[in-house]
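Scroll down for the structure; my scribbles are underneath it.
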2 protein chains.
Amino acid sequence: MKRKSGEERREEIVRALLDLTAERGTREISTQAIADRVGIAQPTIFRHFPTRDAIFRAALDSIGRKLLDVLTPMLSGRGPADVRLRKLLSRQLRFISRRKGLPRLIFSERLHLEDPELKAVVRDIIDRYTARLEELLRDGVHQGCFRQDLDTAETARLIVALIQGLVMRWSLSDFEFPLDQQGEVLWRLLEPALRAPQGPPDQAPGPHANTSD
Amino acid sequence: MKRKSGEERREEIVRALLDLTAERGTREISTQAIADRVGIAQPTIFRHFPTRDAIFRAALDSIGRKLLDVLTPMLSGRGPADVRLRKLLSRQLRFISRRKGLPRLIFSERLHLEDPELKAVVRDIIDRYTARLEELLRDGVHQGCFRQDLDTAETARLIVALIQGLVMRWSLSDFEFPLDQQGEVLWRLLEPALRAPQGPPDQAPGPHANTSD
DNA sequence: CAAGAAAGCGAGTGATTACTTGCATGAAGC
DNA sequence: GCTTCATGCAAGTAATCACTCGCTTTCTTG
């Protein structure tokens with residue numbers, strides 16, 4: 001019988017966890033279910049992870065790193081802030097829409113309430129993301145494409161909340177609408193709130209308003 | 001020993017469920033924990049509810065009705081739509097901020113994924129609320145205080161998502177910031193997106209912009 | 001005040017949980 | 001080729017879960 005290395009098995013287990021989360025939510029995920037999915041015996045799980053929650057931690061870690069990798073070009077780039085923000089929204093929604101297990105993992109109460117360490121990991125990811133989003137907003141204020149009196153910290157938190165709420169609705173609806181197309185909708189709401197009030201009253205064009213993804 | 005009527009006990013049980021949800025999330029809520037909180041034996045729970053999920057259903061029903069009661073004056077009123085919307089936001093956030101069990105109950109995956117009937121109840125409440133919010137937005141368009149080209153359905157969904165995201169952050173943060181004061185923040189983001197583009201460029205006052213709660 | 005209904009409890013039941021233990025088996029190094 | 005050790009599994013453990021059963025106690029009602 002073929003036998004796999006620990007590294008491979010750990011990745012398989014994390015992958016199985018995410019797949020199961022997408023399908024049934026974290027509640028239904030027992031070590032037995034994970035083992036069945038991977039095709040190994042249930043106790044074998046504990047050869048690779050000391051506890052069940054360690055699998056959740058590994059999954060979170062993996063996905064958190066990938067998300068930051070994908071978004072870093074927009075967060076740290078040097079182009080016009082409004083273009084970067086718009087692209088950031090669409091990229092993030094696309095990233096999430098391809099990993100249905102992610103929202104159910106992030107929103108799961110098992111994760112938030114049962115393991116303080118896991119909770120800290122999630123909050124750290126969200127906080128770091130919010131901080132970098134605020135930098136982007138500040139860039140926009142300095143560049144003049146966002147209003148000078150914008151409360152960047154508050155707005156960054158609201159944007160994060162907006163994305164979270166949208167993703168949650170998507171998750172609650174069993175992914176029945178295409179999440180990755182909601183970036184435009186989001187932007188339509190955000191743009192007037194961010195835009196420097198400088199347009200003539202007949203029409204109000206934001207700078208760089210017609211860049212498509 | 002004093003003995004209570006079934007009605008009273010059922011209310012006590014629902015109350016205990018909500019209290020426990022606020023403190024520990026739905027995952028930790030066993031019938032044993034509920035019974036301990038109420039001060040009765042665990043099997044006695046099943047004298048009053050046929051199954052555990054029936055308690056969740058009763059709790060949702062109770063809270064859903066109360067929320068609609070509180071918000072109906074704003075949703076069905078006849079005043080200026082922007083004033084009503086602003087008040088709606090602050091009232092809703094205040095309502096939720098006084099019931100910490102509510103977000104954890106609504107967001108709980110146990111509720112969304114395990115019992116289809118419960119899930120339908122939640123989606124029904126959200127859908128009905130969204131529909132009435134959209135009516136309010138349409139009122140505002142007709143009254144002229146919101147922009148004529150506003151996509152009311154889309155905007156209503158986004159507002160609901162925004163509130164949900166905000167409430168979720170509040171719940172994840174263990175209620176560490178005062179939710180009921182976030183209505184103003186929300187309004188500051190929403191107003192430019194809703195407002196009819198008619199203000200002079202020097203300053204952009206929305207109609208009825210200075211009504212406090 | 002008698003009788004039936006409803007509320008209560010102690011003691012289970014079977015299912016499921018994360019996790020252990022003891023032992024077999026495959027791969028890598030000397 | 002023999003040792004070594006990580007990977008694997010069958011079987012088991014203690015805890016917890018929602019829920020049931022048999023019986024007692026209280027309340028209501030005629």
Side-chain angles (χ1 to χ4, degrees), chain A residues 1-18 20-21 23-60 105 108-118, chain B residues 1-18 20-21 23-60 105 108-118:
Chain A
M1 185 185 294
K2 269 292 173 65
R3 179 173 277 187
K4 297 193 177 171
S5 78
E7 187 96 10
E8 278 178 294
R9 274 298 188 223
R10 271 189 289 275
E11 281 172 16
E12 280 186 13
I13 290 170
V14 164
R15 166 74 57 109
L17 174 86
L18 290 173
L20 287 171
T21 307
E23 291 167 20
R24 321 194 292 192
T26 56
R27 178 78 213 301
E28 298 289 324
I29 297 186
S30 57
T31 53
Q32 183 65 64
I34 297 174
D36 289 348
R37 173 68 58 119
V38 176
I40 55 180
Q42 183 254 5
T44 307
I45 296 280
F46 293 94
R47 288 278 177 211
H48 301 284
F49 292 95
T51 66
R52 201 190 81 113
D53 279 343
I55 314 175
F56 282 88
R57 244 167 286 159
L60 255 194
L105 182 62
S108 88
E109 58 198 8
R110 162 160 300 188
L111 195 145
H112 296 138
L113 296 165
E114 289 174 31
D115 186 330
E117 188 182 340
L118 270 188
Chain B
M1 186 186 291
K2 267 292 172 67
R3 178 173 279 189
K4 300 191 174 171
S5 78
E7 188 97 10
E8 278 178 293
R9 274 297 188 223
R10 269 188 291 275
E11 281 172 15
E12 280 187 13
I13 290 170
V14 164
R15 166 75 55 109
L17 175 85
L18 290 173
L20 287 171
T21 307
E23 291 167 21
R24 321 193 292 193
T26 56
R27 178 78 213 300
E28 297 290 322
I29 298 185
S30 57
T31 53
Q32 184 65 63
I34 297 175
D36 290 347
R37 171 70 58 119
V38 175
I40 56 180
Q42 184 255 5
T44 306
I45 297 279
F46 293 93
R47 287 276 178 213
H48 301 284
F49 292 94
T51 65
R52 201 190 83 111
D53 279 344
I55 314 175
F56 281 88
R57 242 167 288 161
L60 257 193
L105 182 62
S108 88
E109 57 198 9
R110 163 160 298 188
L111 195 145
H112 297 137
L113 296 166
E114 290 174 31
D115 186 329
E117 188 182 340
L118 270 189

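For clarity, every value in this text was computed on a predicted model and none was experimentally measured. Convention: sequence-line order gives letters A, B, ...; per-chain numbering from 1.
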Starting from [atom2] on [N], measure out to [atom1] on [X] and report it in whole angstrom.
X	N	atom1	atom2	result
A/Ile29	C/dA18	CD1	C1'	14 Å
B/Gln32	C/dT17	CD	C1'	17 Å
A/Ile13	D/dT7	CD1	C1'	11 Å
B/Ile45	D/dC19	CD1	P	11 Å
B/Ile40	D/dT26	CD1	P	16 Å
A/Asp36	C/dA18	CG	P	12 Å
B/Arg9	C/dC9	CZ	P	7 Å

* **With A/Ala59 via side chain to side chain contact (heavy atoms under 4.5 Å, CB included) - residues at least two apart** => A/Val14, A/Leu17, A/Leu18, A/Leu105

side-chain N/O [X] vs [N] OP1/OP2, d < 4.0 Å:
X	N	answer
B/His48	C/dA6	no
B/Ser30	D/dT16	no
B/Thr44	C/dA7	no

* Asked: Distance-only, no hydrogens or angles: does the A/Arg52 side chain make a donor-acceptor pair with backbone N or O of A/Ile29 under 3.5 Å?
  -> yes

Is there any protein nitrogen or oxygen under 3.5 Å from a nitrogen or oxygen in nucleotides 19-23 of chain C, and what are the pairs?
from: C/dC19; atom 1: OP2; to: A/Arg52; atom 2: N; distance (Å): 2.6
from: C/dC19; atom 1: N4; to: A/Gln42; atom 2: OE1; distance (Å): 2.7
from: C/dC19; atom 1: N4; to: A/Gln42; atom 2: NE2; distance (Å): 3.1
from: C/dG22; atom 1: O6; to: A/Arg47; atom 2: NH2; distance (Å): 3.2

* Only pairs at least two apart or in different chains count here, so list each salt bridge (Lys or Arg N to Asp or Glu O under 4.0 Å) that has a residue in residues 29-44 of chain A. => A/Glu23-A/Arg37

* Using 4.0 Å as the upper bound for N to carboxylate O, is an ion pair formed by A/Glu12 and A/Arg9? -> yes

* Could you tell me which residues satisfy side chain to side chain donor-acceptor pair (under 3.5 Å) with B/Thr31, sequence neighbours excluded, listed by chain and number? => B/Gln42

* Asked: Are there more than 12 heavy atoms of other residues, nucleotides or ligands under 6.0 Å from atom CZ of A/Arg10?
  -> yes

